[in-house]
Amino acid sequence: MFVHIENLEGLARLLQASISPVALISGVGLLILSQTNRFSRVTERLREFAGQRQENSTTDTSVNRQIEIFLHRSRILRLAIATAILSVLLASIMVLVIFSMAVLDLNAFLAVLLLFALSLSSLIVSLIAFLYDMQLSLRAVDELLKQTGTPASRRDSSVLTGGII
């Protein structure tokens, strides 16, 4: 079942086959924007904590703990961004394969299915890493609230209502 683009109907079918991957690319692009903004914020906070540690010649365990958390978060976000970009790359290749199938009469349906599955798998990994970063963010907030002596019951409610990070 090849898609021939000899007429308008064949071209319309080809463009319809490309809509799903293009929508995936667009949606993941917005996710990447959100992730890179979050990554920028995390690295900025990491620089602030590193500056605090450099200013204070004594080793403050709370600052060191925050640096550890933010460094870990930056690595997790890097993974989330990389796998989201991989998802977009795979979806883009899939669109090229779909067009190649139409123009060159190739039988590459298995390749399209494999690319789509890999693209979605990469997206899932990205989303899991992003969720894990949110968990680490809450941990960082909890660490800061412990420093202020906020009771555990109030720490839980303040984290849910906006917190510090």
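As a basis for the values below, the full set of heavy atoms in this structure was taken, side chains included, without hydrogen atoms, waters or symmetry mates.
Sorted by first and then second residue, the ring-ring contact (aromatic ring centres under 6.0 Å, His included) pairs involving residues 25-55 (not counting sequence neighbours) are Phe49-Phe70.
Between the Thr36 side chain and the Ile32 main chain, a donor and an acceptor come within less than 3.5 Å of each other. A side-chain donor-acceptor contact under 3.5 Å links Ser92 to the backbone of Val88.
For the atom pair Ile69 CD1 and Asn64 CG, the distance stands at 11.5 Å (nearest 0.5 Å). One finds the OG1 atom of Thr83 at 8.5 Å from the CG atom of Leu31 (value rounded to the nearest 0.5 Å). In this structure, the separation between CG on Asp133 and CG on Leu79 is 11.0 Å, given to the nearest 0.5 Å. Taking CG of Leu71 as the start and CG of Leu136 as the end, the distance is 11.5 Å to the nearest 0.5 Å. Between atom CD of residue Gln35 and atom CG of residue Asn37 there is a gap of 10.5 Å, rounded to the nearest 0.5 Å. Separation of atoms CD (Glu68) and OG1 (Thr61) is listed at 10.0 Å; rounding is to 0.5 Å.
With a 4.5 Å cut-off on side-chain heavy atoms, Leu90 and Phe116 do not count as touching. Looking at heavy atoms from C-beta onward, Ser62 lies out of side-chain contact with Lys146 at the 4.5 angstrom threshold. Residues Arg38 and Phe130 are in side-chain contact: their nearest non-hydrogen atoms beyond the backbone lie under 4.5 Å apart. Leu120 is listed as a side-chain neighbour of Leu24, based on a closest heavy-atom distance under 4.5 Å.
Here the closest non-hydrogen pair linking Ala108 and Val97 is CB-CG1, 4.0 Å. Smallest separation of non-hydrogen atoms from Val95 and Pro21: CG2-CB, 3.6 Å. Nearest heavy-atom pair, Val112 versus Met94, reported as atom, atom and distance to 0.1 Å: O-SD, 3.6 Å. Of all the heavy atoms in Ala129 and Ala80, the pair that sits closest is CB-CB, 3.8 Å.
Side-chain N/O atoms of Thr43 and Ser74 include no donor and acceptor closer than 3.5 Å.
The salt bridge (charged side-chain N to carboxylate O under 4.0 Å, His left out) test applied to Arg47 returns Glu44, not counting sequence neighbours.
Linking ILVMFWY side-chain heavy atoms closer than 4.5 Å, directly or via other members, places Phe99 and Leu115 in a single hydrophobic cluster. Linking ILVMFWY residues whenever their side-chain heavy atoms come closer than 4.5 Å, directly or via other members, leaves Ile76 and Leu86 in distinct clusters. Leu138 and Ile128 are members of different hydrophobic clusters when ILVMFWY side chains are connected at heavy-atom separations under 4.5 Å. Under the 4.5 Å side-chain heavy-atom criterion for grouping Ile, Leu, Val, Met, Phe, Trp and Tyr, Leu106 is not connected to Leu96 through any hydrophobic cluster. If you chain together hydrophobic residues whose side chains sit under 4.5 Å apart, Ile93 and Val22 fall into the same group.
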Between Phe109 and Met101, does the side-chain contact (heavy atoms from CB on, under 4.5 Å) criterion hold? Intermediate values first, please. CA-CA 8 Å; Phe109 294 105; Met101 287 172 58; 3.2 Å; yes
Verdict with reasoning, Gln52 to Gln66, per side-chain contact (heavy atoms from CB on, under 4.5 Å): CA-CA 11 Å; Gln52 284 179 12; Gln66 287 292 325; over 6 Å; no
How far apart are the C-alpha atoms of Ser87 and Ser119, what are their side-chain angles, what is the distance that settles it, and do they pass the side-chain hydrogen bond (donor to acceptor under 3.5 Å, both in side chains) test? CA-CA 4 Å; Ser87 177; Ser119 179; 3.1 Å; yes
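Shown here is Leu110, whose CG atom has no more than 12 heavy atoms of other residues, nucleotides or ligands within 6.0 Å.
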